[in-house]
Amino acid sequence: MNERGGYFTRKAYGILIALPGAQCREYIAEAQCDVFDLEKIQGKGSDEKKCRYMRNPHLMDFWPTLFEWPVMASTLCYVAGWFSFGGGLSVTVLLFLMGGTDELLKALPHMMPIFLFFFLSWTILMLLTRGEPKLKKDTRFYRRTGMVSIYQKGEDRLEIPFDEFSPHLTHRTGPTGSTGFLLQLAHRYSDLLIQHINVYNEEFEVYLEWERLHQFMDISQPIPDRVITEPARQFDPVTAEYDEKHDRPKHFWRDMSDEEFEIRREAARKAAKDFPWGKTRKQALASGWKPSEHRIDWQVLKEKQQTA
């Protein structure tokens, strides 16, 4: 969402985020990163095709807006899928445990219409959201040029250098009283304010999102090591050189089991939550902070994988 204004916009900026670049880098700790990302990169199709579907994440990152059909459709698809599969299974198991087979058979005629509604909705939305998402109102961040492209209703897109924006953390209270944190980018030479679509439960998730975006726009660094953008790493020259130098497997995330990913993700969340934000990685390590790879019992993980 993009906003312009004077006094009220300035008040809405929130707290300035002053971080010394990408230091924590525990990117899989973000709440939006989960096992569904693994399913996307483990699916059929070449890396080139996956990159096209994700709008070439080695060239461009983007912040969508909820008020656009592809985003709304994807959100509704996820909700319908959860209710038709996760919700349906949970209710079935609960009824069986409470009343056995007889109770379950009595409830089926009432459950089936609801299940079919969500299942058909999920199927239709899955078909409608296939292929590259055609977004128009999104904010785009171009790695190669260092420019931010901003949607303007009825006008050409506005192009502003990324270096002219300052990151801010602000609080958001929902209609039910729940609170969260948002990342906003404020243009230093105007009242333009760009707001990320995600509402985060933890402050460290906002810092991680800013680190990720900052590293992505720094052409001297490899693109952030995330699950969903792994197929694109080979197509960015700086990243490809970095991966070769550090012997990073081409399909590090793709070939990982769901169980190992969850263990790594939990370790990453603990590491990110404990990180002394505002310090460099060297300073953090000197103060006793441990990155995620040092928080995993590799022997236990190996034994679990052998018995799986």
Side-chain angles (χ1 to χ4, degrees), residues 1-3 9-10 12-34 37 57-65 138-150 160-172 179-229 232 236 238-239 265 268-284 289 291-292:
M1 181 175 68
N2 305 324
E3 303 176 10
T9 299
R10 289 193 295 273
Y13 281 2
I15 303 169
L16 178 66
I17 299 175
L19 301 179
Q23 305 295 332
C24 179
R25 303 196 293 271
E26 298 284 355
Y27 297 122
I28 65 167
E30 289 187 66
Q32 283 69 31
C33 179
D34 55 32
D37 289 343
H58 57 295
L59 300 175
M60 181 187 73
D61 196 358
F62 62 94
W63 287 1
T65 172
D138 57 333
T139 299
R140 302 167 187 174
F141 301 86
Y142 291 103
R143 174 172 167 86
R144 299 287 175 83
T145 63
M147 299 298 288
V148 181
S149 178
I150 302 164
I160 298 177
F162 178 73
D163 291 341
E164 293 185 7
F165 287 94
S166 299
H168 293 255
L169 179 148
T170 188
H171 298 78
R172 169 63 59 87
T179 59
F181 303 94
L182 293 166
L183 173 62
Q184 299 184 140
L185 299 184
H187 188 229
R188 290 193 293 273
Y189 309 117
S190 71
D191 287 333
L192 181 64
L193 190 65
I194 308 169
Q195 188 177 95
H196 197 289
I197 190 174
N198 293 335
V199 179
Y200 297 97
N201 295 323
E202 303 272 3
E203 286 189 42
F204 76 82
E205 292 174 333
V206 176
Y207 300 148
L208 269 180
E209 175 60 25
W210 168 244
E211 275 201 358
R212 184 197 64 76
L213 183 61
H214 188 275
Q215 181 175 334
F216 176 80
M217 293 298 285
D218 184 352
I219 193 63
S220 68
Q221 296 190 62
I223 60 177
D225 198 345
R226 303 168 67 213
V227 179
I228 198 67
T229 57
D236 180 74
V238 175
T239 307
R265 181 173 180 270
R269 286 190 64 81
K270 290 179 179 177
K273 199 165 186 175
D274 293 343
F275 189 82
W277 297 96
K279 293 185 177 181
T280 65
R281 191 177 184 87
K282 185 176 180 180
Q283 291 171 335
W289 175 77
S292 58

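Taking CD1 of Ile17 as the start and CD of Glu211 as the end, the distance is 10.0 Å to the nearest 0.5 Å. A distance of 5.0 Å separates CZ of Arg140 from OH of Tyr142, quoted to the nearest 0.5 Å. Rounding to the nearest 0.5 Å places CD1 of Ile15 at 8.0 Å from OG1 of Thr170. Taken to the nearest 0.5 Å, the CD1 atom of Ile223 stands 8.0 Å off from the NE2 atom of His58. From Tyr207, atom OH reaches atom OH of Tyr200 across 13.5 Å, with rounding to the nearest 0.5 Å. One finds the CG atom of Asp236 at 5.5 Å from the CZ atom of Arg144 (value rounded to the nearest 0.5 Å).
Arg172 is not listed as a side-chain neighbour of Phe181, based on a closest heavy-atom distance of 4.5 Å or more. Proximity of Phe165 to Leu213: side-chain heavy atoms (C-beta onward) are nowhere separated by under 4.5 Å.
The residue from Arg269, Arg265, Glu26 that alone fulfils the side-chain hydrogen bond (donor to acceptor under 3.5 Å, both in side chains) condition with Ser292 is Glu26. Exactly one residue among Asp61, Leu59, Ile219, Asp218 makes a side-chain contact (heavy atoms from CB on, under 4.5 Å) with Arg143. That residue is Ile219.
In this structure a side-chain-to-backbone donor-acceptor pair under 3.5 Å is missing from Thr229 to Ala232. A side-chain donor-acceptor contact under 3.5 Å links Arg281 to the backbone of Cys24. At least one donor-acceptor pair closer than 3.5 Å links the side chain of Gln215 to the backbone N or O of Pro222. No donor-acceptor distance shorter than 3.5 angstrom exists from the side chain of Glu164 to the backbone of Pro161, with no hydrogens or angles considered.
A pairwise comparison of heavy atoms in Asp138 and Pro64 identifies CB-CA, 4.0 Å as the closest pair. Of all heavy-atom pairs between Tyr13 and Ser190, the closest is OH-O, 3.8 Å. Across all their heavy atoms, Pro57 and Phe216 have their closest contact at O-CE1, 3.0 Å.
Residues passing the ring pair (Phe, Tyr, Trp, His ring centres under 6.0 Å) test with Phe275 are Trp277, Trp289, sequence neighbours excluded. For Phe204, there are no ring pair (Phe, Tyr, Trp, His ring centres under 6.0 Å) partners, not counting sequence neighbours.
Gln184 and His168 share no side-chain donor-acceptor pair at under 3.5 Å.
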